[in-house]
Every structure is written in structure tokens, then in C-alpha cells.
Amino acid sequence: MKGRDKKPREDAQATHLEFGDNAAIARVVGAHDRHLAEIERKLNIEITHRGNHLIINGTTTARAHGAQVLRDLYSHAAGGHELSATDVDRAIRLGLGSDSVVSNGTNVTTPKRVIRPRTPMQARYLEALAAHDLVVGLGPAGTGKTYLAVAMGVSLLARGEVDRLILSRPAVEAGERLGFLPGDMKEKVDPYLRPLYDALHDMLPAEQIERRIDEGVIEVAPLAFMRGRTLAHSYVILDEAQNCTPQQMKMFLTRLGEGARMAVTGDPTQTDLPPGQVSGLSDARAVLVGVEGVAFTEFTEDDVVRHPLVQRIVRAYAARDAARGSHPKRGT
């Protein structure tokens, strides 16, 4: 590891940073200086750390990028947040940190935690969710489409701005085979809805989730259960919408009742529909563009906020599909 045990260089071309919170600096540096080592490797710079002083050596452009990354990570760490390798990778890629992104007030407060957008597109997505009655979020896995929509719904429910939170997914993989799965109908479809439960548990205490489900305030149900209903004063989320047909999508969207809002999320490139079947998500994107009250947010691989490897995997598949001139038909 470069420069870690040496006396700080007094290079006239070096960039000097000084921070006041030693605990926050320790989080930026990482255990055994691993965060600094990663920044050095990816930006081709040398960082010397002494106390609350960091010295950056490298080209002018690389030093400026490194300084911005360190400032942004420090800003996040100074708020008491631990920093992961994913946070460091994201700061390097975007040139800005989580707190820089959310300085415009796009945080969402839930009973268990404050949800902060991690990319500029996530910030724009949250702004759209706050301002529009129907928001369609499209893009690859790991971009936070569903998670942020659930966060907005939980926040509105906690503030009393909606009376109910309804989360739905098409159980398309089950299809005709539901009758062969063990258990009652709830036990048959719950595996397809598990990601929605996981998001809820991140934002609400378990006892509140159970109580509100029993009271009907929170409902997690397959898309087929939406038919024939009018959903008023509710926040309604349709996840994995690429797996519904155009007819199902129209059915779902027309459930919108008085005082209700909707979020529709999915990845048009990953569908479990039969070959040749048009996806309701792609159809809705074509039909609803320009309709007043509807907002579209399109994420890319740059917005992936899972493990850094996920972004590289998404890019590899996108490159393969571009070379073939086609999209994959199945996926998760």
C-alpha cells in the first residue's frame, strides 16, 4: 500500500485536505486503510494519511477527483454512517456521495430509518414519486426501483397521507401450477411476494407490519387479486411489471381511485412471459408517454447500488445483448 507509513510528502503539486472529525475520518479510511487503498487503485493516485490530514498526489485531474470522493465520503461519514466498499465504489463512479445527492431534500423518512437516494437518478425518482399520481420506474436489477417506491409508500402511510399501502406482483412463474404447490393460496403466492415483505421489514418494525396486515392497512397480494377493485386513498405498487400482459396492466392502472397514487416498477429486458407475448410494462411505456400526471424514470447500470460486481454483470449482459441485437427473455 502506497504512502501509508511514510512522512507526508510536501509536494507543491499535492492536494491537501484537513477534516475535523477524527471518527468520521476513520470511517473514510476504513479498516486497515482499505478504503484509501481502493481509491488509490481506481484513481491512480497516492493518498497519505496522518491524523486528520490527507495528502493526495497524482495528476491534476486525478487529484481533483480523489479530493471530491474523499470530501463526499467524509460528509456521509460525519453523519454517523458506516461506509461500505459499495459506498466507496459509488462515490468514485459518480464523483459525488450520498449526502451530495440528497442535499435537495429528497430523503424519505420511515419509522425505522431515513432512506437516502444514492444516485442522481434515484433522487429524481423520489422527486417524481412525491409529485405525481403515477410513476413508472424502469431499469435493471439493483437500482432501487421497488425499494424506494416502498419507502415512499411507508412514509406516506406513517404521515397519514394515505389510508392503505398495497403492494402487488404478478405471480407469473406459478401460472397453472399453483394448484400443485403445497399450502393454501397465501402460502402458494407468498414466495413471489417475498421481496416486497423484505423491503417492508427494512422500514417498519415487524409487529407493526403484522398488525397492519391483519387490519388490512397493508396488503401484499398477487396482481390477479386486484381485478374488480377500486383502490381509493391508497398507495399502490406494482413490482416486476414486465411480467404482466397489456390487459393486466390496463386492469391494474384503472384501479386508481380517489386520493390514490401508484408506482409501477420493472425491467423491460427481463420477462418470464411466454415467447411472443408483449409485456404490459413495455406497452404502458409506449401508450402513456405524455399523459398528464404520469412520470417515467429510466435507470441504467450506472444506478446499480448493490455489490459493485452487480453493475459489471449488468453491463456484461447488456453488451452481449447489444451485440446480438436482442434482449434476454427470462431473468430475475
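- The salt bridge (charged side-chain N to carboxylate O under 4.0 Å, His left out) check on Asp21 picks up nothing, with sequence neighbours excluded.
- What you find for Ala151 and Met203 is that their closest heavy atoms are CA-SD, 3.3 Å.
- Taken to the nearest 0.5 Å, the CZ atom of Arg27 stands 7.5 Å off from the CG atom of Leu83.
- The main-chain N or O of Ala232 is found under 3.5 Å from a side-chain atom of Ser234 such that the two form a donor-acceptor pair.
- Under the rule for a side-chain hydrogen bond (donor to acceptor under 3.5 Å, both in side chains), the partners of Arg285 that lie at least two apart in sequence or sit in another chain are Glu298.
- For residues 219-234, the salt bridge (charged side-chain N to carboxylate O under 4.0 Å, His left out) pairs, not counting sequence neighbours, are Arg164-Glu219, Glu219-Arg229.
- Counting only distance, with no hydrogens or angles, the side chain of Ser168 and the backbone of Leu223 share a donor-acceptor pair below 3.5 Å.
- Remark: Thr265 pairs with Thr146, Asp239 by the side-chain hydrogen bond (donor to acceptor under 3.5 Å, both in side chains) rule, at least two apart or across chains.
- Contact annotation: the side chain of Thr230 never approaches that of Leu256 to less than 4.5 Å [non-hydrogen atoms, C-beta and beyond].
- Two residues are said to be in side-chain contact when any heavy atoms from C-beta on lie closer than 4.5 Å; Gln13 and Asn57 fail this criterion.
- The salt bridge (charged side-chain N to carboxylate O under 4.0 Å, His left out) analysis of residues 147-162, with sequence neighbours excluded, yields the pairs Arg159-Glu161.
- Looking only at distances, a side-chain donor or acceptor of Arg261 sits under 3.5 Å from a matching main-chain atom of Leu129.
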- prompt: Could you go step by step and tell me if Lys112 and Asp202 meet the salt bridge (Lys or Arg N to Asp or Glu O under 4.0 Å) rule?
  reply: CA-CA 7 Å; Lys112 282 186 72 171; Asp202 234 17; 5.8 Å; no
message: Quick one, Leu238 with Leu167, criterion side chain to side chain contact (heavy atoms under 4.5 Å, CB included). Give me CA distance, side-chain angles, the key distance, then yes/no.
response: CA-CA 6 Å; Leu238 175 60; Leu167 304 97; over 6 Å; no
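- Scanning both residues, Ala128 and Val135, for their nearest heavy atoms gives O-CG2, 3.3 Å.
- Atom CD of Gln248 sits about 9.5 Å away from atom CG of Asn243, to the nearest 0.5 Å.
- A search for side-chain contact (heavy atoms from CB on, under 4.5 Å) contacts involving Val287 returns Asp283, not counting sequence neighbours.
- Residues that satisfy the side-chain hydrogen bond (donor to acceptor under 3.5 Å, both in side chains) test with Ser84, not counting sequence neighbours, are Asp87.
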task: Go through the steps for Leu156 and Val154 under the test side chain to side chain contact (heavy atoms under 4.5 Å, CB included), then give the verdict.
output: CA-CA 6 Å; Leu156 292 174; Val154 169; over 6 Å; no
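- Across all their heavy atoms, Leu273 and Cys244 have their closest contact at CD1-O, 3.7 Å.
- Qualifying side-chain hydrogen bond (donor to acceptor under 3.5 Å, both in side chains) partners for Thr297, counting only residues two or more places apart in sequence or in other chains: none.
- Identified under the ring pair (Phe, Tyr, Trp, His ring centres under 6.0 Å) test for residues 123-155, with sequence neighbours left out: Tyr125-Phe299.
- Distance alone, capped at 3.5 Å, is enough to place a donor-acceptor pair between the Thr143 side chain and the Pro140 backbone.
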message: Quick one, Val289 with Val294, criterion side chain to side chain contact (heavy atoms under 4.5 Å, CB included). Give me CA distance, side-chain angles, the key distance, then yes/no.
response: CA-CA 8 Å; Val289 169; Val294 181; over 6 Å; no
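- Within the 3.5 Å criterion, the main-chain N or O of Met251 finds a donor-acceptor partner in the side chain of Thr254.
- Inter-residue side-chain proximity for Pro117 and Asn107 is flagged as met; some heavy-atom pair is nearer than 4.5 Å.
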message: Before you tell me yes or no, could you show the steps for Val236 and Phe252 under side chain to side chain contact (heavy atoms under 4.5 Å, CB included), namely the whole-Å CA-CA distance, both residues' side-chain angles and the distance that decides it to 0.1 Å?
response: CA-CA 10 Å; Val236 192; Phe252 176 79; 3.6 Å; yes
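- Taking a cutoff of 4.0 Å between a charged side-chain nitrogen and a carboxylate oxygen, Glu38 and Arg41 qualify as a salt bridge.
- In this structure, Leu43 and Ala62 approach most closely via the heavy-atom pair O-CB, 3.5 Å.
- Considering all non-hydrogen atoms of both residues, His35 and Val28 come closest at CB-O, 3.0 Å.
- A donor-acceptor pair is defined here as one N or O able to donate and one able to accept, closer than 3.5 Å; such a pair exists between the side chain of Lys145 and the backbone of Gly139.
- Residues Val217 and Asp163 have side chains not in contact (no heavy-atom distance under 4.5 Å, counting atoms from C-beta outward).
- Rounded to the nearest 0.5 Å, atoms CD1 (Ile55) and CD1 (Ile45) are 12.5 Å apart.
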Kindly list each side-chain donor-acceptor pair under 3.5 angstrom involving residues 204-211, sequence neighbours excluded, with atom names and distances?
none

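- For Thr300, the side-chain contact (heavy atoms from CB on, under 4.5 Å) criterion is met by Asp302, Asp303, not counting sequence neighbours.
- A side-chain donor-acceptor contact under 3.5 Å links Gln242 to the backbone of Gln270.
- Inter-residue side-chain proximity for Ile237 and Arg169 is flagged as unmet; no heavy-atom pair is nearer than 4.5 Å.
- A heavy-atom distance below 4.5 Å is found between the side chains of Met262 and Leu253.
- Separating the CG atom in Leu165 from the OH atom in Tyr235 is a distance of 9.0 Å, to the nearest 0.5 Å.
- Counting only heavy atoms from C-beta outward, the side chains of Leu54 and Thr48 never approach each other to under 4.5 Å.
- Note that CD of Gln122 and CD1 of Ile115 are 10.5 Å apart. Values are rounded to the nearest 0.5 Å.
- The closest side-chain heavy-atom distance from Asp198 to His201 is not below 4.5 Å.
- Taking the ring pair (Phe, Tyr, Trp, His ring centres under 6.0 Å) definition, one finds that Phe19 meets it with Tyr74, sequence neighbours left out.
- Atom CG of residue Leu126 and atom CG of residue Leu148 lie 4.5 Å apart, to the nearest 0.5 angstrom.
- Smallest separation of non-hydrogen atoms from Arg113 and Thr110: O-OG1, 2.7 Å.
- Of the possible donor and acceptor atoms, none in the side chain of Ser75 sits under 3.5 Å from a partner among the backbone N and O of Arg71.
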